[in-house]
J.: 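The structure is given below, and queries will be raised subsequently.
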Amino acid sequence: MSKMEKIKMTTPLVEMDGDEMTRILWKMIKEELLLPFIDLKTEYYDLGLEYRNETEDQVTIDSANATKKYGVAVKCATITPNAARVEEYHLKEMWKSPNGTIRAILDGTVFRAPIIVKGIEPYVRNWKKPITIARHAYGDVYKAAEIKIPEAGKCELVYTKENGEEIRELVHTFDGAGIVQGMHNTEKSIRSFAKSCFSFALDQKQDLWFGSKDTISKKYDHTFKDIFQEVFDTEYKEKFEAAGISYMYTLIDDIVARVVRSEGGYIWACKNYDGDVMSDMLATAFGSLSMMTSVLVSPDGIYEYEAAHGTVQRHYYQHLKGMETSTNPIATIFAWTGALRKRGELDQIPELCRFADQLEQACLTTIESGKMTKDLAIISTLEQVTALNSREFIAEIRRNLEQML
């Protein structure tokens with residue numbers, strides 16, 4: 001393979017390195033599956049927790065702004081610290097979720113879909129086609145303000161106009177200790193969410209479903225419902241009819257029931273928290289969290305590809321003890337292939353797009369041949385299965401890739 005000319009890139013990808021076991025896999029993937037075949041151009045940002053702490057999280061902001069500049073990014077999984085992580089990593093403070101920061105800056109929607117492969121059957125037996133989750137990526141609980149109520153007292157929501165006029169709403173009169181949370185969103189972000197969902201549905205030629213709890217949340221959730229309907233009626237209704245696809249709004253309770261009964265093959269738009277939870281549910285129900293693609297798409301055409309799962313902390317501690325782990329790298333590989341394909345499309349480099357397709361196919365071929373990581377081996381329906389560690393699995397993918405090339 002050393003005699004093959006490497007594929008040339010013209011514009012860099014923004015590369016966001018991450019934490020723990022996924023950081024180890026990130027290096028393996030680059031060394032074994034990318035650098036031997038591509039003259040890889042990236043603008044590198046270290047989003048590992050130590051460097052985020054050193055820069056007081058400025059590196060996360062810089063990486064998001066670089067993504068706006070270059071248009072395409074690929075991101076490794078990162079730690080969102082809790083109190084235990086603050087102590088473990090000696091952090092200056094409990095830094096916010098890097099994903100949340102990046103999503104807020106890019107004002108994007110996260111689209112997640114399962115990677116379908118022979119031998120890994122969905123737990124819901126009637127699911128035949130992928131279900132894509134479209135997750136709103138701004139606000140709600142992820143931007144909430146919270147107070148621990150120490151004793152009896154009154155809590156109010158207070159909005160103050162620029163002219164000083166106030167609007168007040170009683171939240172609760174406490175007769176003892178409690179908690180309170182204030183969430184927000186913006187019409188601009190909700191409108192961007194709606195447009196991203198409708199545009200993506202047209203691009204994929206798939207029906208779009210959206211659900212919230214507007215019967216209970218008559219102002220907050222109802223605003224989402226109203227904006228979606230307005231955007232659809234004024235900008236997308238005729239386009240959907242021409243494409244032969246549909247848009248449906250109903251209560252999220254009903255959506256969940258419909259999803260379980262369906263065959264799949266549509267896009268399910270979710271508010272931020274709903275999308276966070278339901279994408280994990282779908283990933284697991286389709287087979288594995290490590291078999292899920294994830295891309296953040298902004299209304300102005302910015303793309304950030306990532307793995308939908310976490311940093312695999314348990315495997316990282318095993319790795320530090322010198323043990324080989326059977327950590328599934330597929331979602332991280334597909335983050336790279338998604339970014340490379342999009343870069344190839346934007347820069348008109350068909351060889352780069354073709355390489356991304358071939359690398360994805362090499363991954364699927366490896367699994368379908370019965371060679372896979374332990375998480376897949378224990379749920380595979382194939383008759384002959386070999387559980388490999390991460391290095392062995394990536395080596396098998398490379399062998400299949402080289403045969404294709």
Side-chain angles (χ1 to χ4, degrees), residues 1-2 6-7 9 12-55 59-60 62-63 66-67 72-79 89 98-99 102 289-294 304-341 343 352 355-356 359-360 362-363 366 371-375 388-402:
M1 301 305 297
S2 59
K6 292 185 179 183
I7 299 168
M9 294 177 61
L13 292 172
V14 175
E15 177 186 352
M16 305 175 186
D17 210 344
D19 286 299
E20 297 188 322
M21 199 62 217
T22 44
R23 188 182 181 97
I24 305 301
L25 292 175
W26 192 263
K27 188 171 183 288
M28 286 188 205
I29 291 165
K30 286 179 66 178
E31 291 178 349
E32 290 295 321
L33 301 178
L34 302 179
L35 292 174
F37 312 106
I38 304 172
D39 183 15
L40 193 62
K41 291 184 182 294
T42 71
E43 185 163 303
Y44 179 86
Y45 292 87
D46 184 357
L47 266 57
L49 190 50
E50 294 97 334
Y51 194 63
R52 276 186 277 146
N53 188 58
E54 183 181 328
T55 64
V59 65
T60 306
D62 292 344
S63 70
T67 303
V72 185
V74 58
K75 180 182 174 295
C76 184
T78 47
I79 294 169
Y89 282 86
N99 289 339
I102 293 165
L289 275 171
S290 297
M291 299 290 288
M292 195 85 165
T293 63
S294 181
E304 183 246 320
Y305 295 81
E306 62 176 350
H309 57 73
T311 59
V312 203
Q313 180 184 13
R314 180 172 59 87
H315 284 192
Y316 180 61
Y317 291 156
Q318 293 173 358
H319 169 80
L320 291 179
K321 294 176 183 177
M323 301 166 61
E324 288 288 352
T325 68
S326 187
T327 317
N328 191 334
I330 292 293
T332 305
I333 294 172
F334 273 58
W336 273 104
T337 55
L340 290 168
R341 184 185 295 108
R343 187 78 276 162
L352 197 57
F355 174 82
L359 178 51
E360 289 181 1
C363 292
T366 303
K371 297 175 180 177
M372 60 194 74
T373 46
K374 186 178 179 181
D375 64 312
L388 305 175
N389 66 40
S390 301
R391 292 182 189 277
E392 293 167 340
F393 183 55
I394 289 173
E396 285 293 331
I397 293 171
R398 177 167 177 173
R399 271 191 281 274
N400 284 317
L401 176 62
E402 287 178 341

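Throughout, residue positions are numbered sequentially from 1 according to the sequence presented.
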J.: To the nearest 0.5 angstrom, please state how far the CG atom of Leu25 sits from the CZ atom of Phe393.
T.: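 Reported to 0.5 Å precision, the distance equals 11.0 Å.
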J.: Checking side chain to side chain contact (heavy atoms under 4.5 Å, CB included) for the pair Arg341/Glu360: CA distance, chi angles, key distance, verdict?
T.: CA-CA 11 Å; Arg341 184 185 295 108; Glu360 289 181 1; 2.9 Å; yes
J.: Is the shortest side-chain heavy-atom distance between Phe355 and Leu401 below 4.5 Å?
T.: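 Touching, per the 4.5 Å side-chain cut-off.
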J.: Taking the side chain as every heavy atom from C-beta outward, state whether Leu340 and Leu359 have any pair of such atoms under 4.5 Å apart.
T.: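 Answer no - side chains too far apart.
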J.: Within the distance-only criterion (no hydrogens, no angle test), does the side chain of Thr22 pair as donor or acceptor with the backbone N or O of Cys76 below 3.5 angstrom?
T.: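 Between the backbone of Cys76 and the side chain of Thr22 there is no qualifying donor-acceptor contact (under 3.5 Å).
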J.: Using side-chain heavy atoms (C-beta onward) and a distance below 4.5 Å, is Tyr44 in contact with Asp17?
T.: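 SC-SC contact between Tyr44 and Asp17 confirmed.
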J.: Do Tyr317 and Glu20 make a side-chain contact, defined as non-hydrogen atoms from C-beta onward lying under 4.5 Å apart?
T.: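 Yes - at least one pair of side-chain heavy atoms lies under 4.5 Å apart.
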J.: Name the atoms and distances for all side-chain donor-acceptor pairs under 3.5 Å in residues 26-36, with sequence neighbours left out.
T.:
residue, atom, partner, partner atom, Å
Trp26, NE1, Glu15, OE2, 2.9
Lys27, NZ, Glu31, OE2, 2.7
Lys30, NZ, Glu15, OE1, 3.3
Lys30, NZ, Glu15, OE2, 2.9
Glu32, OE1, Arg398, NH1, 3.2

J.: In terms of heavy-atom contacts, does OH of Tyr89 have more than 12 from other residues, nucleotides or ligands at under 6.0 Å?
T.: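 Enclosed.
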J.: Roughly how far apart are Met16 CE and Asp62 CG, rounded to 0.5 Å?
T.: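 Going from CE on Met16 over to CG on Asp62, the span is 10.5 Å.
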J.: Applying side chain to side chain contact (heavy atoms under 4.5 Å, CB included), run through His309 and Asn328 and close with a yes or a no.
T.: CA-CA 11 Å; His309 57 73; Asn328 191 334; over 6 Å; no
J.: Determine the minimum heavy-atom distance between Thr60 and Ser63, stating which atoms define it.
T.: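 Smallest interatomic distance, heavy atoms only, reads O-OG, 2.7 Å.
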J.: Between Leu47 and Ile102, is any pair of side-chain heavy atoms under 4.5 Å apart?
T.: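 Touching, per the 4.5 Å side-chain cut-off.
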J.: Considering non-hydrogen atoms only, spot the tightest contact between Glu392 and Asn389 and give its length.
T.: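 Nearest heavy atoms, Glu392 then Asn389: N-OD1, 2.8 Å.
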J.: Contact between Tyr305 and Val72 at the side-chain level, heavy atoms closer than 4.5 Å - yes or no?
T.: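 Yes, at least one pair of side-chain atoms sits under 4.5 Å.
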J.: Taking 4.0 angstrom as the limit, do Arg391 and Glu324 come out as a salt bridge?
T.: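 Between Glu324 and Arg391 there is a salt bridge, with a charged N closer than 4.0 Å to a carboxylate O.
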J.: Check Ser390 against Ser326 and note the closest heavy-atom contact, atom names and distance.
T.: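 Closest heavy-atom pair between Ser390 and Ser326: OG-C, 3.8 Å.
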J.: Looking only at the side chains, is there a donor atom on one of Thr67 and Glu304 sitting less than 3.5 Å from an acceptor on the other?
T.: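 No, no side-chain donor-acceptor pair sits under 3.5 Å.
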J.: Under a 3.5 Å distance rule, please check whether Asp19 uses its side chain to pair with a backbone N or O of Leu49 as donor and acceptor.
T.: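 At least one qualifying donor-acceptor pair exists.
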J.: Is a donor on one side and an acceptor on the other found under 3.5 Å between the side chain of Thr78 and the backbone of Gly18?
T.: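 Not a single qualifying donor-acceptor pair exists.
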J.: Quick check: closest heavy atoms across Lys6 and Asp39, and the distance to 0.1 Å?
T.: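 Nearest heavy atoms, Lys6 then Asp39: CB-N, 3.8 Å.
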J.: Answer yes or no: is there a donor N or O on one side and an acceptor on the other, between the side chain of Arg52 and the main chain of Ile79, under 3.5 Å?
T.: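 The answer is yes, because a donor-acceptor pair under 3.5 Å joins these two groups.
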J.: List the atom of Pro329, the atom of Thr373, and the distance in Å for their closest heavy-atom pair.
T.: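 Result for this residue pair: CD-CG2, 4.2 Å.
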J.: Tell me, do Met9 and Leu40 make a side-chain contact under 4.5 Å, heavy atoms counted?
T.: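 Side-chain contact under 4.5 Å: yes.
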J.: I'd like to know if Arg399 pairs up with Glu402 as an ion pair, taking the criterion as any Lys NZ or Arg NE/NH1/NH2 lying under 4.0 Å from an Asp or Glu carboxylate oxygen.
T.: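 Here Arg399 does not pair with Glu402 in a salt bridge, since their nearest N and O are not under 4.0 Å apart.
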J.: Report the distance from atom CG of Leu13 to atom NZ of Lys41, rounding to the nearest 0.5 Å.
T.: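 Reported value, rounded in 0.5 Å steps: 11.5 Å.
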J.: List the steps, then state whether side chain to side chain contact (heavy atoms under 4.5 Å, CB included) holds for Lys75 with Asn99.
T.: CA-CA 9 Å; Lys75 180 182 174 295; Asn99 289 339; 2.9 Å; yes
J.: Can you name the side-chain contact (heavy atoms from CB on, under 4.5 Å) partners of Thr293, sequence neighbours left out?
T.: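 If we apply the side-chain contact (heavy atoms from CB on, under 4.5 Å) test to Thr293, skipping adjacent residues, the hits are Ala113, Ile115, Phe334.
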J.: Please report the C-alpha distance between Ile397 and Ile333 in whole Å, then the side-chain angles of each, then the deciding distance to 0.1 Å, and finally whether the side chain to side chain contact (heavy atoms under 4.5 Å, CB included) criterion is met.
T.: CA-CA 11 Å; Ile397 293 171; Ile333 294 172; 3.9 Å; yes
J.: What's the separation between atom CE in Met291 and atom CE in Met372, rounded to the nearest 0.5 Å?
T.: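 So the CE of Met291 and the CE of Met372 are separated by 9.0 Å.
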J.: To the nearest 0.5 Å, what is the distance between NE2 (His319) and CD1 (Ile24)?
T.: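 These two atoms lie 3.5 Å from each other.
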J.: Tyr45 versus Thr55: any side-chain heavy-atom pair under 4.5 Å?
T.: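 No, side chains not in contact.
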J.: Provide the closest heavy-atom pair for Gly310 versus Ala77 in the form atom of the first, atom of the second, distance.
T.: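 Between these two residues, the closest heavy atoms are O-CB, 3.5 Å.
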J.: Which residue, Thr311, Asp46, Thr332, forms the side-chain hydrogen bond (donor to acceptor under 3.5 Å, both in side chains) with Arg23?
T.: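 Of the listed options, the one satisfying the test is Asp46.
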